[in-house]
Every structure is written in C-alpha cells, then in structure tokens.
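This chain uses plain numbering: 1 for the first residue, then up along the sequence. Small disclaimer: the values here were computed from a predicted structure and weren't measured.
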Amino acid sequence: MGILKEFREFALRGNVIDLAVGVVIGGAFGKIVTSLVDDIIMPPIGFLTGGVDFSQLRYVIREANEAQGIAEVAVTYGNFVNVVIQFLIIAFCIFLVIKGLNSLKKKEEIKEDNALPVPTKEETLLTEIRDILKNK
C-alpha cells in the first residue's frame with residue numbers, strides 16, 4: 001500500500017497536474033499551428049513560387065511500376081519543409097510569450113526596487129542621535 005500512496009501523492013502534486021495541462025494545451029496549439037501553416041501560410045508561398053505545393057515535393061529514387069508490383073521509392077522533402085516552417089512559427093510564438101512574461105517580471109522588479117523600505121522607529125531614532133552627535 002505504501003507504493004500506491006506514494007504514487008498518488010506524486011500524481012496529485014501541482015507540478016504534475018500543471019505539466020499534464022501543458023501537454024494537452026500544447027497538443028491543441030500544435031493543431032492550430034499545423035492549420036495555420038497548411039491553410040494560411042503555405043498557399044500564398046506556393047502562389048509566389050508558381051503554385052508549388054511543398055507537401056508534394058519529393059525526390060524519386062525509383063519509379064513505381066504497377067505491372068511488376070514495384071512501389072515508388074522517394075524522399076519526400078516537401079513535407080520536411082512544412083514541418084520546419086511549423087517549427088519556426090511555434091518557436092517564434094514561444095519566444096514572444098517568454099519575452100512578454102520577462103517584460104512583466106522586469107516591471108514588477110522595478111516597482112519593488114522603487115519602493116524604498118520605511119525605516120523603523122528605532123532606525124529613525126538612531127539616525128537622529130547620529131546626526132546630533134555629528135553636529136557637536
């Protein structure tokens with residue numbers, strides 16, 4: 001029973017739950033980025049390049065021959081191009097989010113730095129005594 005209790009405590013920690021939520025949201029975000037690249041970004045790029053559909057680009061090593069039952073052997077580098085573009089978009093989005101969070105943290109640190117600590121009564125009294133002794 002000790003192992004089950006330990007596992008339950010581990011699984012119900014805040015960090016594990018936060019990680020699970022992050023994975024689920026990351027999966028959904030991946031689908032959004034895939035749609036963004038495939039449906040919005042790639043068609044204009046394909047238009048600018050003369051109607052080239054990157055996902056269909058490939059280098060054929062051996063042609064298919066249906067009569068002999070030979071399948072085509074090809075390197076589909078176009079799909080790789082799509083995945084690289086998706087990665088760059090995701091990396092840029094993550095960069096913007098992290099940059100925004102860092103700027104918020106800097107603003108909080110500046111506010112904390114600007115707030116000078118109020119001296120206690122003892123410190124005020126000691127300062128006054130020091131000033132009086134300095135003037136004598």
Side-chain angles (χ1 to χ4, degrees):
M1 266 324 218
I3 292 177
L4 291 176
K5 182 179 177 185
E6 225 176 301
F7 176 73
R8 188 184 67 143
E9 288 175 5
F10 169 76
L12 295 179
R13 270 192 202 152
N15 295 343
V16 174
I17 293 172
D18 291 343
L19 179 63
V21 169
V23 167
V24 171
I25 298 231
F29 184 70
K31 289 179 183 178
I32 291 171
V33 171
T34 300
S35 175
L36 176 70
V37 170
D38 291 343
D39 302 331
I40 295 174
I41 293 175
M42 293 312 285
I45 291 175
F47 176 75
L48 292 174
T49 59
V52 175
D53 180 12
F54 284 103
S55 65
Q56 300 302 320
L57 293 177
R58 64 179 178 252
Y59 176 75
V60 178
I61 297 173
R62 182 174 65 185
E63 294 284 336
N65 189 342
E66 292 181 25
Q68 295 178 354
I70 298 174
E72 179 182 73
V73 178
V75 176
T76 56
Y77 65 89
N79 191 39
F80 178 74
V81 171
N82 280 346
V83 171
V84 168
I85 292 172
Q86 288 175 359
F87 169 77
L88 292 174
I89 291 170
I90 291 172
F92 185 70
C93 290
I94 297 290
F95 168 75
L96 291 177
V97 168
I98 297 298
K99 183 175 177 161
L101 289 175
N102 286 341
S103 69
L104 288 176
K105 286 182 182 178
K106 287 180 184 177
K107 287 179 183 177
E108 289 176 4
E109 289 175 4
I110 289 172
K111 286 181 183 177
E112 290 175 4
D113 289 343
N114 288 340
L116 295 174
V118 178
T120 62
K121 290 181 182 180
E122 291 175 348
E123 289 174 339
T124 305
L125 182 60
L126 289 171
T127 304
E128 289 174 6
I129 293 171
R130 181 197 65 203
D131 293 341
I132 292 170
L133 288 173
K134 188 187 273 185
N135 291 334
K136 285 190 177 183

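- Val81 places none of its side-chain heavy atoms less than 4.5 Å from the side chain of Leu57.
- Every residue two or more places apart in sequence or in another chain was checked for a side-chain contact (heavy atoms from CB on, under 4.5 Å) with Leu126, and none qualifies.
- In this structure, Lys134 NZ and Ile129 CD1 are separated by 14.5 Å, a value rounded to the nearest 0.5 Å.
- Thr76 and Arg58 make their closest contact through CA-CB, 3.8 Å (heavy atoms, listed as atom of the first residue, atom of the second, distance).
- The CZ atom of Phe80 sits 10.5 Å away from atom CZ of Phe87, with the distance rounded to the nearest 0.5 Å.
- What you find for Tyr59 and Tyr77 is that their closest heavy atoms are N-CE2, 3.8 Å.
- Around the CZ atom of Arg8, the shell of radius 6.0 Å holds no more than 12 heavy atoms that belong to other residues, nucleotides or ligands.
- In this structure, Phe92 is not a member of the same hydrophobic cluster as Ile40, with clusters built from ILVMFWY side-chain heavy atoms closer than 4.5 Å.
- Between the Thr120 side chain and the Glu123 main chain, a donor and an acceptor come within less than 3.5 Å of each other.
- Here Asn135 contributes atom CG and Arg130 contributes atom CZ; the two are 10.5 Å apart, rounded to the nearest 0.5 Å.
- The two residues Glu72 and Val60 come nearest to each other via the heavy atoms OE2-CG2, 3.7 Å.
- Of the possible polar contacts, none joining the Ser35 side chain to the Ile32 backbone as a donor-acceptor pair under 3.5 Å is found.
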